[in-house]
Protein chains: 2
Amino acid sequence: MVEATERRELSDATVLRLPSYLDALDSLRARGVRGVSSEELATAAGVTSAMLRKDLSQLGSLGVRGVGYETEALRSQLMTALGRDAVRPVVIVGLGRLGLAIASHGGFDGDGFEVVGLLDHDPQVVGTTVLGREVRDVRDLPQVVAVAGPGTIGVVATPGSAAQDVADLLVSAGVRAILTFAPTPLRVPEGIAVREVDLSCELRLLAYRSRAVAAHPTAGGVRA
Amino acid sequence: MVEATERRELSDATVLRLPSYLDALDSLRARGVRGVSSEELATAAGVTSAMLRKDLSQLGSLGVRGVGYETEALRSQLMTALGRDAVRPVVIVGLGRLGLAIASHGGFDGDGFEVVGLLDHDPQVVGTTVLGREVRDVRDLPQVVAVAGPGTIGVVATPGSAAQDVADLLVSAGVRAILTFAPTPLRVPEGIAVREVDLSCELRLLAYRSRAVAAHPTAGGVRA
DNA sequence: TACTGTGAACGAATTCACAGCC
DNA sequence: GGCTGTGAATTCGTTCACAGTA
């Protein structure tokens, strides 16, 4: 028999938008608003109302036709859909400035995630205390992940030259989801989720787009 | 008469990939490789060969059928297409840990970009020297941008609550391209290019995908 | 009446597969 | 023969427009 809570797979694009709906709902809820239309919520989240309804409809029938959505109920539905019932452990490898920024970034500790390990390669950094936590040697990674469990997410904040080695280490330690900031294409086995954020690619895209706008004043700006 | 160098508009997706081709070419060039096939270059950049050929063909006919691409020539073609003949000035607003990490990130200073201004709101931070540069008050932003010129790219590394105000300030100072790390949907006039990088959305996507993999072991991992 | 949920239309991006050229 | 360049097919994401329902 099929589980009643079974859900179809959500697209990446949808999952990337759900958190903004959650944020928008939280500020509405803080103001004591009980009900909201797709139009209002979409505006607050920076998308179109059709987009929002399409996304939400994939989670089931969460609203009431002719009325709208109930903020409290919708919030908990989104929490469940995003799997925020459980806290996901995160390990950060590489504690240069970027790793440090990530480690202290609000969205990483709290809100459903918990940083459970900071690791580095540099003997000068290993053993120091960063953000109230001892930095461990990257060779201890298997133990750190073993303690944290198989749902651990690995963050690669090393220079590009070390990224592949770190990724291999993460995978062999049992990590199945990796967020990398290195501009190196990571090779990982089938079944491992990888997401790459490359800040310089983003900058270059902006440089290109704003140059194009200057050359063709008629072209409208495109939002990200 | 039409300029000989006129190019059709490139898609965002293509522009985001060009830098990785450039990186891959650079390491080939460093090893003294003179020629390369789409298959080899694509593998090095982490994409399919069809994808790479499609992207490059939009810049013109850069390769030789039956032979491949000449690394040196392709490199300079890509540099020109990405507009790296000119250095783009960058101002960074918000010097918390994230702003600091960005400011010192390799990809931002050098490689066609130059950080020309660090600004913050906090009186405790304004006036201090960060990375060999004096942090200025965010109210000086109009002057900083005026000096740097209209091609300046603005980076918003403030908390979400200040992001819209900073964006307004950037726009009124003449900035036409904004990269924001705040999880707030920015409202900007038509013609302004905006790109949002939200680290916690990326983490959540990974959390979702790796959970889905666990639930359906047959599903393959999807690459970013 | 007002607003959701959704099929259908549309558009963008990627992959396929092969014609064209060295 | 081998590899590029590219139309065609496909897949994916978004928007449209309206049927359905409190």
Side-chain angles (χ1 to χ4, degrees), chain A residues 7-18 20-21 25 28 33-71 73-74 77-78 81 185 201 205 208-209 219-220 222-224, chain B residues 7-18 20-21 25 28 33-71 73-74 77-78 81 185 201 205 208-209 219-220 222-224:
Chain A
R7 288 272 158 256
R8 100 188 65 171
E9 196 69 11
L10 302 176
S11 74
D12 285 2
T14 295
V15 176
L16 280 172
R17 281 188 295 264
L18 295 186
S20 15
Y21 304 158
L25 273 175
L28 286 173
V33 179
R34 320 232 0 124
V36 66
S37 70
S38 64
E39 190 61 45
E40 293 166 318
L41 188 55
T43 303
V47 299
T48 66
S49 61
M51 187 83 268
L52 178 110
R53 291 201 302 278
K54 195 68 138 185
D55 283 337
L56 295 187
S57 73
Q58 290 179 50
L59 305 177
S61 209
L62 308 182
V64 180
R65 293 178 195 230
V67 179
Y69 300 90
E70 203 268 301
T71 53
L74 184 54
Q77 294 272 7
L78 287 180
C201 283
L205 174 60
Y208 180 81
R209 290 211 298 216
V222 188
R223 302 296 305 281
Chain B
R7 286 274 157 256
R8 99 188 66 173
E9 196 69 12
L10 302 176
S11 75
D12 284 3
T14 295
V15 175
L16 280 172
R17 281 187 297 264
L18 294 187
S20 11
Y21 304 157
L25 273 175
L28 285 175
V33 179
R34 322 243 344 136
V36 66
S37 71
S38 63
E39 190 61 44
E40 293 166 318
L41 187 55
T43 303
V47 301
T48 66
S49 61
M51 187 81 268
L52 177 109
R53 291 200 302 276
K54 195 68 139 186
D55 284 338
L56 294 188
S57 73
Q58 291 180 49
L59 305 177
S61 210
L62 309 182
V64 179
R65 293 178 194 230
V67 179
Y69 300 91
E70 204 268 302
T71 52
L74 185 54
Q77 294 273 9
L78 287 180
C201 283
L205 173 61
Y208 180 81
R209 290 212 296 217
V222 187
R223 300 298 304 279

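Sequence lines set the chain letters: A, B, ... in the order given, protein chains first and strands last, and positions in each chain run from 1. Any value given below was found using the heavy atoms of this structure, including those in side chains, with hydrogens, waters and symmetry copies removed.
- Shown here for B/R53 and B/S38, the closest heavy-atom pair between the two residues is NH1-OG, 3.2 Å.
- B/Y69 places none of its side-chain heavy atoms less than 4.5 Å from the side chain of B/L25.
- The CG atom of A/L205 sits 11 Å away from the P atom of C/dA13 (whole-angstrom rounding).
- Residue A/Y69 places at least one side-chain N or O under 4.0 Å from the OP1 or OP2 atom of C/dG5.
- A/L59 and A/L78 get closest at one heavy-atom pair: CD1-CD2, 3.5 Å.
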Taking protein heavy atoms under 4.0 Å as touching, what does nucleotides 12-22 of chain D look like 5' to 3' if B marks base contact, S marks sugar-phosphate-only contact and - marks none?
-SSB-B-BBB-

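- Between the C1' atom of D/dT11 and the CD atom of A/E9 lies a distance of 17 Å, rounded to the nearest Å.
- Rounding to whole angstrom units, CG of residue A/L74 and C1' of C/dC3 are separated by 15 Å.
- One can place CG of B/L41 at 12 Å from P of D/dG5, the figure rounded to the nearest angstrom.
- Using a 4.5 Å heavy-atom cutoff, the side chains of A/V47 and A/Y21 are in contact.
- The shortest side-chain heavy-atom distance between A/Q77 and A/L56 does not fall under the 4.5 Å cut-off.
- Using a 4.0 Å heavy-atom cutoff across all strands shown, A/L62 reaches sugar-phosphate atoms only and no base atom.
- Summarising the geometry, the separation between CD on A/E70 and P on C/dC3 is reported as 17 Å, rounded to the nearest angstrom.
- Between A/E40 atom CD and C/dC3 atom C1' the separation is 11 Å, expressed in whole Å.
- Looking only at side-chain heavy atoms (C-beta outward), B/T43 and B/E40 stay at 4.5 Å or farther from each other.
- Rounding to whole angstrom units, CD of residue A/Q77 and P of C/dG5 are separated by 11 Å.
- Looking at every heavy atom in both residues, A/S20 comes nearest to A/A45 through O-CB, 4.0 Å.
- Between the CG atom of B/L52 and the C1' atom of D/dT6 there is a distance of 14 Å, given to the nearest Å.
- Dashed line: the shortest gap from a side-chain N or O of B/S37 to OP1 or OP2 of D/dC3 is not under 4.0 Å.
- Between B/S38 and D/dC3 there is no side-chain polar atom (N or O) within less than 4.0 angstrom of OP1 or OP2.
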